[in-house]
2 protein chains.
Amino acid sequence: MPDLAICAKESDSIIMDNFPFSLRTLNLKVTPKRLAILAILMEETVYLSPEEIWGKMKRRFKRIGLPTVYRNLEELSEGNIISKVNHPNRKLYYYLCKNQSHHHHFICLSCRKVEDINFCAAKKINKEVKTKLKGKVISHILQVNGLCKTCSKKSDI
Amino acid sequence: MPDLAICAKESDSIIMDNFPFSLRTLNLKVTPKRLAILAILMEETVYLSPEEIWGKMKRRFKRIGLPTVYRNLEELSEGNIISKVNHPNRKLYYYLCKNQSHHHHFICLSCRKVEDINFCAAKKINKEVKTKLKGKVISHILQVNGLCKTCSKKSDI
DNA sequence: GTATAAATAGAAATGATTTCTATTTAATAT
DNA sequence: ATATTAAATAGAAATCATTTCTATTTATAC
Ligand SMILES: [Zn+2]
Ligand SMILES: [Zn+2]
Ligand SMILES: [Zn+2]
Ligand SMILES: [Zn+2]
């Protein structure tokens with residue numbers, strides 16, 4: 001189905017084109033390095049570490065500091081443009097999800113693939129917190145860790 | 001209601017009494033230090049950092065190393081006797097929940113209070129991962145971060 | 001263009017967590 | 001009780017992912 005592939009690429013570029021707007025909305029300047037970080041993440045179906053992103057940035061810029069990568073990833077994540085992965089190894093990983101609507105992720109602990117889980121308990125949870133606990137929700141984490149289809153087959157052997 | 005208080009204490013000691021059994025089930029030796037860590041966590045309604053637990057341990061033992069605290073907390077958490085908190089500041093915190101059944105937590109980012117959320121999407125999620133993604137679930141995180149009743153009132157001012 | 005605040009490079013520091021080895025201890029079998 | 005053995009521990013030291021710092025550069029608004 002070449003149509004699907006073309007379609008996917010078009011929608012990708014639509015997302016890419018919107019990054020400057022998204023950045024400005026967050027009061028972040030539209031710098032070449034910010035856009036490059038987003039472009040790098042756009043190309044991936046797996047979550048990446050700051051150091052790995054730095055490695056890819058070094059191919060595009062002759063001067064690029066690791067702190068810049070860390071800072072930008074944190075800002076982009078804070079602004080909900082990218083998402084942070086809660087890895088059991090407690091290291092930082094980031095992922096850019098093309099799916100704009102609120103949802104959560106299944107992450108593969110082996111190959112790092114990320115897949116969408118079209119399920120969110122937010123409404124029920126917010127209700128329970130509000131009525132029963134009388135608290136104020138700031139954020140919620142829902143993440144499923146495991147082995148993707150391919151990796152679970154491998155470990156079957 | 002003094003009855004409730006007594007009842008609560010009795011149920012606590014029932015849990016306490018079961019720790020040696022739980023530890024043996026996990027092939028962990030029943031050491032005074034393990035039991036003390038559990039006793040310290042039992043007394044708390046808030047999550048504690050390893051360093052804070054170490055501080056309390058130093059009152060009970062004249063020789064007690066911080067690595068011992070870290071190691072034990074990790075083992076107990078791995079064995080599901082205690083639960084790890086996913087704090088936005090990315091530091092380690094642990095909590096011992098008296099509620100034995102599977103559930104999740106609302107954590108206060110201000111006073112560190114932990115409250116139960118009697119809701120879990122595990123069944124739905126497992127089903128979605130199994131049927132749609134054909135993956136294997138290893139673990140899932142569901143945690144709600146916010147301000148508890150008391151703390152959200154304070155920040156209203 | 002100019003002004004200004006934000007972003008960045010690069011070096012350096014940080015500090016929570018982990019690793020290491022010698023010693024001690026709990027559990028089990030005499 | 002005593003001996004045996006594997007697990008647990010103390011304390012010092014190392015690790016290293018992440019953050020901080022300051023001078024310089026750059027995006028943006030006028
Ligand atoms: Zn995989
Ligand atoms: Zn997604
Ligand atoms: Zn609170
Ligand atoms: Zn609980």
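A, B, ... follow the sequence lines: proteins, then strands. Residue 1 opens every chain.
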Can you check whether B/L92 reaches B/L73 side chain to side chain, under 4.5 Å on heavy atoms?
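B/L92 vs B/L73: side chains apart.
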
Please tell me if the side chains of B/L28 and B/E75 come closer than 4.5 Å, counting only heavy atoms from C-beta onward.
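They are in side-chain contact.
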
Just to verify, what does A/N145 make a side-chain hydrogen bond (donor to acceptor under 3.5 Å, both in side chains) with, not counting sequence neighbours?
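side-chain hydrogen bond (donor to acceptor under 3.5 Å, both in side chains) list for A/N145, sorted by chain: A/Q143, B/S139.
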
Nonpolar side-chain network containing B/I141, other nodes, edges under 4.5 Å:
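Traced through the cluster, B/I141 reaches A/I141.
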
Which residues satisfy the side-chain contact (heavy atoms from CB on, under 4.5 Å) test with A/T45, sequence neighbours excluded?
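A/T45 satisfies side-chain contact (heavy atoms from CB on, under 4.5 Å) with no residue once adjacent residues are dropped.
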
Run the side-chain contact (heavy atoms from CB on, under 4.5 Å) test against B/K132 and tell me which residues pass, sequence neighbours left out.
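Applying side-chain contact (heavy atoms from CB on, under 4.5 Å) to B/K132 gives A/N118, B/E128.
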
Could you tell me how far apart [X] ([atom1]) and [N] ([atom2]) are, to the nearest whole angstrom?
| X | N | atom1 | atom2 | result |
| --- | --- | --- | --- | --- |
| B/K91 | C/dG15 | NZ | P | 9 Å |
| A/W54 | C/dA9 | CH2 | C1' | 11 Å |
| A/L92 | D/dC16 | CG | C1' | 13 Å |
| B/F61 | C/dT25 | CZ | P | 12 Å |
| B/M57 | D/dA8 | CE | P | 14 Å |

Between the axis at one end of the helix from C/dG1-D/dC30 to C/dT30-D/dA1 and the axis at the other (five pairs apiece), what's the angle to 10 degrees?
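Rounded to the nearest 10 degrees, the bend comes out at 50°.
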
Within residues 70-83 of chain B: residues closer than 4.0 Å to DNA chain D (heavy atoms)
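Output list: B/R71, B/N72.
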
So which pairs with a foot in residues 62-85 of chain B pass ring pair (Phe, Tyr, Trp, His ring centres under 6.0 Å), sequence neighbours left out?
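Passing the test, one end in residues 62-85 of chain B: no pairs.
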
Between the side chain of A/S152 and the main-chain N/O of A/C148, is any donor-acceptor distance below 3.5 Å?
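It does hold such a pair.
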
Please confirm whether the backbone N or O of B/T68 pairs with a side-chain atom of B/W54, one donor and one acceptor, at under 3.5 Å?
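Absent.
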
Within 6.0 Å of NZ in B/K33, more than 12 heavy atoms from elsewhere:
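Yes - once you tally the heavy atoms of other residues, nucleotides and ligands closer than 6.0 Å, there are more than 12.
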
Please list, by residue number, the residues of residues 32-53 of chain A whose heavy atoms come closer than 4.0 Å to an atom of DNA chain C; answer none if no residue qualifies.
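Contacting residues: A/K33, A/R34.
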
Protein N or O to nucleotides 27-30 of chain C N or O, pairs below 3.5 Å:
unit_1	atom_1	unit_2	atom_2	d
C/dA27	OP1	B/V30	N	3.0

Between protein and nucleotides 10-12 of chain C, what N or O pairs are separated by less than 3.5 Å?
unit_1	atom_1	unit_2	atom_2	d
C/dG10	OP1	A/R63	NE	2.9
C/dG10	OP1	A/R63	NH2	3.3

Shortest non-hydrogen separation from A/L23 to A/K29 and the atoms involved
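Reported closest heavy-atom pair: CD1-O, 4.3 Å.
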
The criterion is salt bridge (Lys or Arg N to Asp or Glu O under 4.0 Å); which residues satisfy it with A/K56, sequence neighbours excluded?
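Salt bridge (Lys or Arg N to Asp or Glu O under 4.0 Å) list for A/K56, sorted by chain: A/E44.
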
Would you list the pairs meeting salt bridge (charged side-chain N to carboxylate O under 4.0 Å, His left out) in which at least one residue belongs to residues 82-96 of chain B, sequence neighbours left out?
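Those involving residues 82-96 of chain B are B/E74-B/K84.
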
